[in-house]
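When a ligand or atom number is given, it counts from 1 through the structure's own listing order. Since we're looking at a predicted model, the values are computed, not measured.
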Amino acid sequence: MQITLETKPYATLETEALVTYLFEETDPIQGRAAEIDQAAGGLLRKLASAGEVTGKMLEFTLIHSPAGLKAARLLLVGAGKREQFNSAVLRKVSGAALRYLKARSVKQFAFLVREGDATQDSAQAFAEGAITGDFETDKYKTEKKNGKTIDDVRLAGFPDAEKAAGETGLSQGRIVADAQNFARELINEPSNLLTPRILAERAEAMARESGLSVEILDEKRIAELKMGALLSVAQGSAEPPRMMVLTYSPANLKPGAPVIGLVGKAVTFDTGGISIKPSEGMEKMKYDMAGGATMLGVMRALAALKPGVKVICVVPATENMPGGKAQKPGDIQKAMSGKTIEVLNTDAEGRLILADGIHYAKQLGATHLIDAATLTGAIVVALANVNVGVFGTDQAFTDKLLASAKATGEKMWPMPMDEEYREFIKGSFADIQNISSGKGGGATIGAMFIREFVGNSPWIHLDIAGTAWNDDAKPWLAKGPTGVALRTLVHLVLSY
Ligand code: BES
Ligand code: ZN
Ligand code: ZN
């Protein structure tokens, strides 16, 4: 799909559809909408008076052969209240418009920004919405759902003076959204087609293409480095584990600058191990590598956007299987850091592999750490599929991340990590145990466990168990993998 900036007057555009958006207000036909209405002989106002067009969020009105326009169709999309309108809304409107038109066999359209919205930010949000909205999960259907594709999209309403800003926005949006779709494609792969070895190959190929340095540790190297927590999860599987390390180094690195460490959980399938999960819904556990895939996607975007800080990405990958060699409840393992762990539940495996991933990222020089993981069912109970759970040890660092989340339209919510919770993971026979000895607070307990391996570095843990997968399609996004947290993390790194 091609996305370009169009500076010609919108009324002269020959396109299958001209799309614009309206606000929900007493008179939704104002400004540019009033202009279109006038050219169309008062049709928009008539529809608004009749109550058919209100500007309500994602209300669609399709008008064929509109008078006064060269476009074959005019699509009006509700954008909700004007006061609440921002780039996050524009992103949704753009994705939803694309999916609406694609379903109706339209192949190309022009999207007209409203007065005041001809900015770099809007152009970026528009491109992100359109490209992530275009992503489908029909890779393995031999007969594609409809064979429908959008080939060409133009962003209109930019005067010549804003052309450069618009083009920069489009190209940045393209980079971020392509990276998000890269992550979503990996997340959607079934576990038979995406083992830890295959994921590592994909990461390596991406890194080479993007100009990132990359090292893949195989099971032998993982054992030499004494990554006992990762190995303990992997030992029940016929598939060997991998530890991926991708590094982005800026051209002129300032001495004393922070080194960001991104660590992503990549359990390519989580059966629960010997503490096996119920069979209902288990198929979804192919997305238990979403944290790792997201971090790889972040690196892909950073390689193109070239921030001024060094970033080290560490992705531990394994299956969690109940094989004859699998670890069993009560087993005691020694993590790379030297800490001993009582594995009381083999299904709490994400925190085990992150323990070694975090320790290794620190050893490689990361000063500021962020991990992303589909870590707990408890975060789904707490925040459903709406917010990412954010756990942090350094308020300034956490605030910075939350600001990036806000700026990029990703919902995230801070969660507690008081000292009191530490009691719950004190081990009876080893230093710590991998599940709580108390009741409740499951998402925090998971975070507290990971914290044991962080030390004093500023660190943020993102629990994306509820948000990495959409059980139902949204008007702006296909059902399945979301690629959540990628935009926030890219924005955060670029803000240094
Ligand atoms: N991968 C799961 C968490 C998960 C749950 C991800 C739902 C996506 C959707 C994780 O490894 C797990 O099984 N966690 C356990 C921890 C428990 C045993 C302390 C859980 O949340 O039940
Ligand atoms: Zn598990
Ligand atoms: Zn898991």
Worksheet item: Please state which protein non-hydrogen atom is closest to atom 2 (C) of ligand 1 and give its distance, to 0.1 Å?
Response: D270 OD2, 3.6 Å

Worksheet entry | Salt bridge E452-K426, side-chain N to carboxylate O under 4.0 Å | no

Worksheet item: Parallel, tilted or perpendicular: which describes the rings of Y100 and F60, with under 30° parallel and over 60° perpendicular?
Response: parallel

Discussion item. Minimum distance, heavy atoms only, to atom 22 (O) of ligand 1: which one of G377, G446, A348, S436 is it?
Written reply: G377

Item to complete: Quick one: look at I435 and ligand 1, take heavy-atom pairs under 4.0 Å, and tell me if it's side chain, backbone, both or neither.
Response: side chain

Worksheet item: Is it the side chain (CB and beyond), the backbone, both or neither of K265 that lies under 4.0 Å from ligand 1, heavy atoms counted?
Response: side chain

Worksheet item: Closest non-hydrogen protein atom to atom 7 (C) of ligand 1, residue and atom name please, with distance?
Response: M285 CE, 3.9 Å

Practice prompt. Around atom 12 (C) of ligand 1, find the nearest protein heavy atom and jot down its residue, atom name and distance.
Written response: D347 O, 3.2 Å

Practice prompt. Output yes when E185 and R202 qualify as a salt bridge under the 4.0 Å nitrogen-oxygen rule, no when they do not.
Written response: yes

Worksheet item: Can you tell me which residue and heavy atom of the protein come closest to atom 1 (N) of ligand 1, and the distance to 0.1 Å?
Response: D288 OD1, 2.8 Å

Discussion item. Under 2.8 Å from the Zn ion (ligand 2) - does any N, O or S atom of E349 fall there?
Written reply: yes

Worksheet item: Is any side-chain heavy atom of L217 less than 4.5 Å from a side-chain heavy atom of E215?
Response: yes

Fill in: Pi-cation contact, Y496 with K400 (under 6.0 Å, within 45°)
yes

Fill in: Working for side chain to side chain contact (heavy atoms under 4.5 Å, CB included), residues V315 and V263
CA-CA 6 Å; V315 178; V263 183; over 6 Å; no

Item to complete: Answer with side chain, backbone, both or neither: which part of Y287 has a heavy atom less than 4.0 angstrom from an atom of ligand 1?
Response: side chain

Discussion item. Checking contacts here: is it the side chain or the backbone of L375 that comes within 4.0 Å of ligand 1, counting heavy atoms only? Could be both or neither.
Written reply: backbone

Discussion item. Are any of the N/O atoms on E349, whether in the backbone or the side chain, positioned under 3.5 angstrom from an N/O atom of ligand 1?
Written reply: yes

Worksheet, complete the sentence: atom 16 (C) of ligand 1 has as its nearest protein heavy atom R351 NH2, 3.8 Å

Fill in: K277, portion touching ligand 1 at heavy-atom distance under 4.0 Å
side chain

